[in-house]
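For the single chain, residues carry numbers from 1 onward in sequence order. As the structure is a prediction and not an experimental result, all values here were calculated from the model. Numbering of ligands and ligand atoms starts at 1, following listing order.
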Amino acid sequence: MPQLSSIPTRGRTLDHAAAVYDIVEPLIMLGKQAQYERDIVDLLQLQPSDRVLDLGCGTGTLTLSIAERLDPSMGGQATGIDAAAKMIRVARDKRPHPAAWYTPMAAEALDFEDASFDAVVSSLFFHHVDADLKLRAFRESFRVLKPGGKLIVADMHVPTTFFGTLVSHVSRWFFMQPEIGENIRGILPELMVKAGFAEPRLASRYFGYIAVFSTGKP
Ligand SMILES: C[S@@+](CC[C@H](N)C(=O)[O-])C[C@H]1O[C@@H](n2cnc3c(N)ncnc32)[C@H](O)[C@@H]1O
C-alpha cells in the first residue's frame, strides 16, 4: 500500500493517538457514542445519492455511519478528511464500505471543487484548530457546499453544567489548548455566520460541554 503523508497544518493533529483512539473515544463518550452519531446522522436528513464531507474524520467512525445510509450506485459517497495520515490509515483499514472514502487533507485548504457536496459534517474537530483556521475551515465548507447544502457541527461549546464546566476547563489547561478556550467562550456560531452560513440552530447538547449545531448554505 502506498505510504500516506500527514498534511502540514497549525491544527493539533492526532497521528500520535491513532492506534488507541478507538479504545479511548468510547470511554470519553460515556457509552453514548452510538446515540451521539445517530443523532448527527439523523440531522443530515440524507438522501441515498448525497455526497457528504466529514471534516477531521479521525478514524472514520462517523463517516462510516453516514456511508451506511448512502447508495454508491446512485452517486452517494461519504468522504472523510483528516490532516493526520495515521488516522486516515486506521479509517481505511477499519471496515471498507463502497460509499466511504478517506484521504489526508487539511480542513482549511480543501482540495474539492466548489459546490461539490450536499452536506458537510464535523465532530470534535473545531477545538483542534485556532480561530483563524476555524474561520478558514468554515469558509472552505461554505465553498464546497451546494446552495441549500447542510452544515452540522458537533463540538465543545459554552458549558451548561458543573460537569461540563469541569471537563472543559480541565481539558483546556491539561492539554494547554487555547483552541478549546475559544470554543468554550462560544465562538463557533459567529464564525459560521461570518463564513456565510445561516444563523445556526442549537440542535442538541451532550454531557454539558458538547453542542450540535445545524445550519446551511442559503
Ligand atoms: C478529536 S479528533 C475527532 C475525530 C472524529 N471526528 C471523532 O469525532 O471522533 C480531531 C481530529 O481533527 C484532526 N485535525 C486537526 N487539525 C486538522 C486540520 N487542520 N485539518 C483536518 N483535520 C485536522 C486531528 O488529526 C484529529 O483526528
Side-chain angles (χ1 to χ4, degrees), residues 4-41 43-44 52-67 78-94 100 102-112 119-141 143-144 151-157 167-168 171-172 174-175 177-180 182-184 188 191 204 206-207 209-213:
L4 293 177
S5 301
S6 293
I7 308 299
T9 173
R10 288 200 310 277
R12 291 178 185 251
T13 52
L14 290 186
D15 274 312
H16 58 282
V20 294
Y21 192 82
D22 281 345
I23 299 167
V24 173
E25 197 186 21
L27 304 176
I28 293 172
M29 299 304 276
L30 304 174
K32 293 203 170 151
Q33 189 177 5
Q35 177 68 51
Y36 164 82
E37 286 181 358
R38 235 183 348 262
D39 290 351
I40 294 174
V41 177
L43 279 173
L44 288 167
V52 183
L53 176 62
D54 182 5
L55 300 180
C57 67
T59 58
T61 317
L62 175 62
T63 324
L64 197 51
S65 306
I66 295 167
T79 301
I81 65 109
D82 199 290
K86 287 187 179 159
M87 290 297 232
I88 293 296
R89 172 57 66 207
V90 173
R92 285 189 183 177
D93 289 349
K94 191 179 278 182
Y102 307 94
T103 193
M105 197 180 289
E108 65 272 21
L110 296 176
D111 188 14
F112 298 113
V120 174
V121 66
S122 112
S123 159
L124 303 177
F125 153 71
F126 278 95
H127 70 273
H128 279 248
V129 291
D130 63 34
D132 172 52
L133 293 189
K134 285 175 171 70
L135 180 58
R136 285 167 59 186
F138 282 131
R139 288 200 162 125
E140 280 291 80
S141 301
R143 179 182 68 75
V144 302
L151 174 71
I152 307 295
V153 175
D155 220 303
M156 299 179 80
H157 186 55
V167 172
S168 301
S171 321
R172 188 262 175 262
F174 180 78
F175 295 112
Q177 204 159 322
E179 298 90 337
I180 293 178
E182 295 163 358
N183 277 52
I184 63 184
L188 290 181
L191 291 182
S204 50
Y206 289 85
F207 317 122
Y209 70 96
I210 296 174
V212 183
F213 292 103

Practice task
With the side chain counted from C-beta on, respond yes when T103 and I88 share a heavy-atom pair under 4.5 Å apart, and no when they do not.
Solution key: no
Completion exercise
Between A154 and V212, the two heavy atoms sitting closest are CB-CG2, 3.9 Å
Handout entry: CA sep, side-chain torsions, deciding dist, call: F207, M29, side chain to side chain contact (heavy atoms under 4.5 Å, CB included)
Key = CA-CA 9 Å; F207 317 122; M29 299 304 276; 4.1 Å; yes
Handout entry: Taking every non-hydrogen atom, the tightest pair across G56 and D82
Key = C-OD2, 3.4 Å
Completion exercise
Close residues (non-hydrogen atom under 4.0 angstrom from ligand 1) work out to T9, G11, R12, T13, L14, Y21, E25, G56, C57, G58, D82, A83, A84, M87, M105, A106, A107, E108, S123, L124, F125, H128, V129
Exercise for the section: Determine the minimum heavy-atom distance between L62 and E37, stating which atoms define it. Expected result: N-OE2, 3.8 Å
Exercise for the section: Please work out which of the three classes, parallel, tilted or perpendicular, describes the rings of H157 and F213, given edges at 30° and 60°. Expected result: perpendicular
